[in-house]
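Residue numbers begin at 1 in each chain, while the letters A, B, ... track the order of the sequences.
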There are 2 protein chains.
Amino acid sequence: MTTTSMKDVARAAGVSVGTVSNVLNRPEAVAEETRARVLAAIADLGYVRNDSARQLRAGRSRTVAIVVLDVANPFFTDVVRGAEPLVESAGGVVTVCDSGEDVRRERRHLELLEEQRVLGLLITPVDDSSASWIERLSGHDIPVVLVDRGAGRHPHCSVAVDDVHGGRLAAQHLVERGHRKIAFIGGPASIPQVADRLAGCREVCEESAVELEVFATPGLNFQAGREAVEQMLGSEDRPTAVFCANDLVALGALQGLTMHGVKVPQECAIVGYDDIDFAAAAAVPLSSVRQPRAQLGRTAAQLLFDEIAEGRDHTHRNVVFQPELVARASTALEL
Amino acid sequence: MTTTSMKDVARAAGVSVGTVSNVLNRPEAVAEETRARVLAAIADLGYVRNDSARQLRAGRSRTVAIVVLDVANPFFTDVVRGAEPLVESAGGVVTVCDSGEDVRRERRHLELLEEQRVLGLLITPVDDSSASWIERLSGHDIPVVLVDRGAGRHPHCSVAVDDVHGGRLAAQHLVERGHRKIAFIGGPASIPQVADRLAGCREVCEESAVELEVFATPGLNFQAGREAVEQMLGSEDRPTAVFCANDLVALGALQGLTMHGVKVPQECAIVGYDDIDFAAAAAVPLSSVRQPRAQLGRTAAQLLFDEIAEGRDHTHRNVVFQPELVARASTALEL
DNA sequence: ACCCAGTCATGAAACGATTCAAAAACACGG
DNA sequence: CCGTGTTTTTGAATCGTTTCATGACTGGGT
């Protein structure tokens, strides 16, 4: 029961393997009658193309890899959703890899993807230490587009949202609401998005002489938010508002606060980041900094294919989107 | 700047390609000194193995594919998370494919996966029409494990949760709370999980002479829940409780009701299904039927590797878990 | 009859790794 | 220095496609 190959099909149809290949790849180049005979043989034997052999010959796979920080975060699934249609309409396949905010996992994925000779890579790097690895891939002719990563002086295309500005928006909103002491929850600080959002927040706090307390978390998830809040509630003179590095953290914080009987927003306001669908459906609908998630994915894919098409004489482009604040109940002044 | 191959490494190190291969695959079989020389050459040239060639020779890839109904649904990401460690510790790689509840997309993925000669397949089929395609894969020696799919008389291993029982639990809970007219929201009915949950619910309603109204949706997401509720609010003599086919639908329904000023649970109770993390954090914490998601994934992967190991003389196993109801505010009797 | 232009089909040469029988290199006791 | 046994290395065959130069055949046009 060994898998049937083109050779078997060829024999069954009484033609050469070259002809079978042609039937599959340029059907118009083979005579009607022969084609029918070959197709019949294919159906008959239940023949299935061997992609490894195909790729080996082609030297390149049709796979576009997307490496994200956390597949369980709706922000990233939305980005992926945005990229998929474009990739597929270009005849590609998308594979999603989850680094889980872990550099070692990310590295493992990159090694594998390089061995697979992927067509291209969209990646949200865990932190700056990833740079050398990413360089390596693009040095080996695998085009890379950075997603949600600052328009730094990286030698790559990138799409990003201005996170410093996003941080400012959140902080300004809270300051306008009269808060004089704000907590920032998120981490680890090595994640660029976290650092930028905090930086923006800090700028505004300093400009407005508002006190800022930072609660670092080990990751950007539900759990982390809940735990950070526990810690915050322990301290005396506690902040009257928190700005969370993303919505998952914010939802965790919200739940933590509620469990401890702290009323949101009366006793503590919350602003999240990303504006995922769940934010609006939360126990207290969350104010959040919205990013154009699907568009981020779509644009990234577009840049990738542009780079592939332009080949050698391609100049990298860095697209930056502006975030906007969506105010909801979690920062309302009164009910 | 063509990619460097083993031949290049061999030349640089002054050995044959066979030796280079040995250094990579059975280092103990090659002399210390030679090995060092080869490794140096590899590092020097920045050589990267070509996985296509490897697979072609091996006849099989190391990839385990997981085909899910909706990657954006935390239920499935949790299942994937459960399966991953086991697969990776067995030297495999996981690739996640999203069928989006669409048979055509699912089919496209299956075709591709077969061409890729994947090591094995974990799949939650969209509906029964997928059966013949799945049969085809396993006929071609690709082991398949059905996930979250009834212990029917399929010729495969499977892991599942008793959805009929889950439906009963939900309905019983609502009946106990005194509801006499219940709505079921979910669809399409062709999805087995939906059908089973509805069946269980219907059984209980008939036993207790409780009226049941079904609102069919085109999919199992947020959006669908919100729209179904709009429709429900239109009808007179409206149900006092809804049972949603999953938590995403339930969260949508909750938002829809809230937007129309209907108080949950006083004017309308809600029970969801899956007990995803967001359920507990919802505007009104959701009562939900909990499934052991991670364990589902872990067990599925285990069954897959068992089947691979046992080879020819393998007998399929069907593991069924029991769901449990978690009661929260969305079905509370009073506040 | 002859040539030319199309159409189609062929078969061998890649692609890059793994495997394995056989050769080479080495060690060591006699 | 030989024979024997062990450790290393070699080189060719193989996996299943795609590609492309070459050749076979057809049907006009002159």
Side-chain angles (χ1 to χ4, degrees), chain A residues 1-39 41-42 45-62 91 111-112 114-119 140-141, chain B residues 1-39 41-42 45-62 91 111-112 114-119 140-141:
Chain A
M1 212 300 169
T2 57
T3 44
T4 66
S5 76
M6 274 184 111
K7 216 169 353 179
D8 303 313
V9 175
R11 188 168 336 119
V15 297
S16 72
V17 294
T19 301
V20 178
S21 175
N22 280 336
V23 169
L24 260 27
N25 301 310
R26 312 127 82 209
E28 75 286 356
V30 45
E32 171 86 31
E33 193 258 344
T34 326
R35 192 187 337 153
R37 200 145 35 92
V38 171
L39 288 175
I42 287 179
L45 302 179
Y47 164 75
V48 178
R49 253 200 184 83
N50 183 323
D51 204 45
S52 313
R54 226 147 107 76
Q55 281 181 202
L56 171 57
R57 189 75 231 281
R60 202 70 314 144
S61 87
R62 291 167 299 155
E111 286 177 276
L112 235 41
E114 189 173 8
E115 290 187 2
Q116 288 167 186
R117 304 288 193 271
V118 290
L119 184 58
H140 283 8
D141 279 339
Chain B
M1 211 298 169
T2 57
T3 45
T4 67
S5 76
M6 273 185 116
K7 213 164 3 175
D8 303 312
V9 174
R11 189 167 335 119
V15 297
S16 73
V17 293
T19 300
V20 178
S21 174
N22 280 335
V23 169
L24 259 29
N25 301 311
R26 312 125 84 209
E28 74 287 355
V30 47
E32 171 87 30
E33 193 258 345
T34 325
R35 193 186 336 153
R37 199 147 34 91
V38 171
L39 287 175
I42 287 179
L45 302 179
Y47 165 74
V48 178
R49 251 201 185 82
N50 182 323
D51 205 44
S52 314
R54 228 146 105 75
Q55 283 181 201
L56 172 57
R57 188 76 231 280
R60 244 323 39 118
S61 86
R62 291 168 299 155
E111 285 178 75
L112 236 40
E114 189 174 7
E115 291 187 1
Q116 287 167 186
R117 303 288 192 271
V118 291
L119 184 57
H140 283 7
D141 280 336

Student: At the 4.0 Å heavy-atom cut-off to chain B, mark where contacts on DNA chain C begin and end, going 5' to 3'.
Tutor: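 Endpoints of the contacted stretch of DNA chain C: C:dG16 to C:dT19.
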Student: Test of understanding: with salt bridge (Lys or Arg N to Asp or Glu O under 4.0 Å), list the residues that count as partners of B:Arg49, not counting sequence neighbours.
Tutor: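 With neighbours one apart ignored, the set is empty.
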Student: Pairs under 3.5 angstrom only: tabulate donor-acceptor contacts from the side chains of residues 5-12 of chain B to other protein residues two or more places apart or in another chain.
Tutor:
residue : atom : partner : partner atom : Å
B:Ser5  : OG   : B:Lys7  : N            : 3.2
B:Asp8  : OD2  : B:Ser5  : N            : 2.7

Student: Who passes side chain to side chain contact (heavy atoms under 4.5 Å, CB included) against A:Asn22, sequence neighbours left out?
Tutor: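 For A:Asn22 the side chain to side chain contact (heavy atoms under 4.5 Å, CB included) partners, ignoring immediate neighbours, are A:Arg26.
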Student: Mind running a 4.0 Å heavy-atom check of residues 22-33 of chain B against DNA chain D and sending the residues that fall below it, in number order?
Tutor: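 Residues of residues 22-33 of chain B that come under 4.0 Å of DNA chain D are, in numerical order, B:Val30, B:Ala31.
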Student: Can you list, by residue number, the residues of residues 4-11 of chain A that have a non-hydrogen atom closer than 4.0 angstrom to DNA chain D?
Tutor: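 Those residues whose heavy atoms fall under 4.0 Å from DNA chain D, taken from residues 4-11 of chain A in numerical order, are A:Ser5, A:Met6.
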Student: What heavy-atom pair brings A:Tyr47 and A:Thr4 nearest, and what distance separates the two atoms?
Tutor: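 Taking every non-hydrogen atom into account, CD1-O, 3.3 Å.
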Student: Among residues 45-58 of chain A, which residues get a heavy atom nearer than 4.0 Å to DNA chain C?
Tutor: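 Heavy-atom contacts with DNA chain C come from A:Leu56, A:Arg57.
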Student: Within the structure provided, determine whether A:Leu119 and A:Arg60 are in side-chain contact (heavy-atom separation under 4.5 Å).
Tutor: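 Contact flag for A:Leu119/A:Arg60 side chains = yes.
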Student: On DNA chain D, which is the earliest and which the latest nucleotide, 5' to 3', with an atom closer than 4.0 Å to a heavy atom of chain A?
Tutor: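 Answer, 5' to 3': D:dG16 to D:dT19.
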Student: Side-chain polar contacts of residues 51-59 of chain A - donor-acceptor pairs under 3.5 angstrom, sequence neighbours left out - could you list them?
Tutor:
residue : atom : partner : partner atom : Å
A:Asp51 : OD1  : A:Arg62 : NH2          : 3.1
A:Ser52 : OG   : A:Asn50 : OD1          : 3.4
A:Ser52 : OG   : B:Gln55 : NE2          : 3.1
A:Gln55 : NE2  : B:Ser52 : OG           : 3.1

Student: Applying salt bridge (Lys or Arg N to Asp or Glu O under 4.0 Å), can you list everything that pairs with B:Glu33, at least two apart in sequence or on another chain?
Tutor: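 Once residues adjacent in sequence are excluded, the partners of B:Glu33 under the salt bridge (Lys or Arg N to Asp or Glu O under 4.0 Å) criterion are B:Arg37.
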Student: Can you pull out how bent the helix from C:dA1-D:dT30 to C:dG30-D:dC1 is, comparing the axes over its first five and last five pairs, to 10°?
Tutor: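 Terminal axis comparison yields 60°.
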Student: Looking at residues at least two apart in the chain, or sitting in another chain, which of them share a side chain to side chain contact (heavy atoms under 4.5 Å, CB included) with A:Val30?
Tutor: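 A:Val30: side chain to side chain contact (heavy atoms under 4.5 Å, CB included) contacts with A:Thr19, A:Val23, A:Thr34, A:Arg35.
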Student: Which part of the nucleic acid, if any, lies within contact of B:Val20, taking any heavy atom under 4.0 Å across all strands shown: a base, the sugar-phosphate backbone alone, or nothing?
Tutor: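 Counting heavy atoms under 4.0 Å across all strands, no contact is made by B:Val20.
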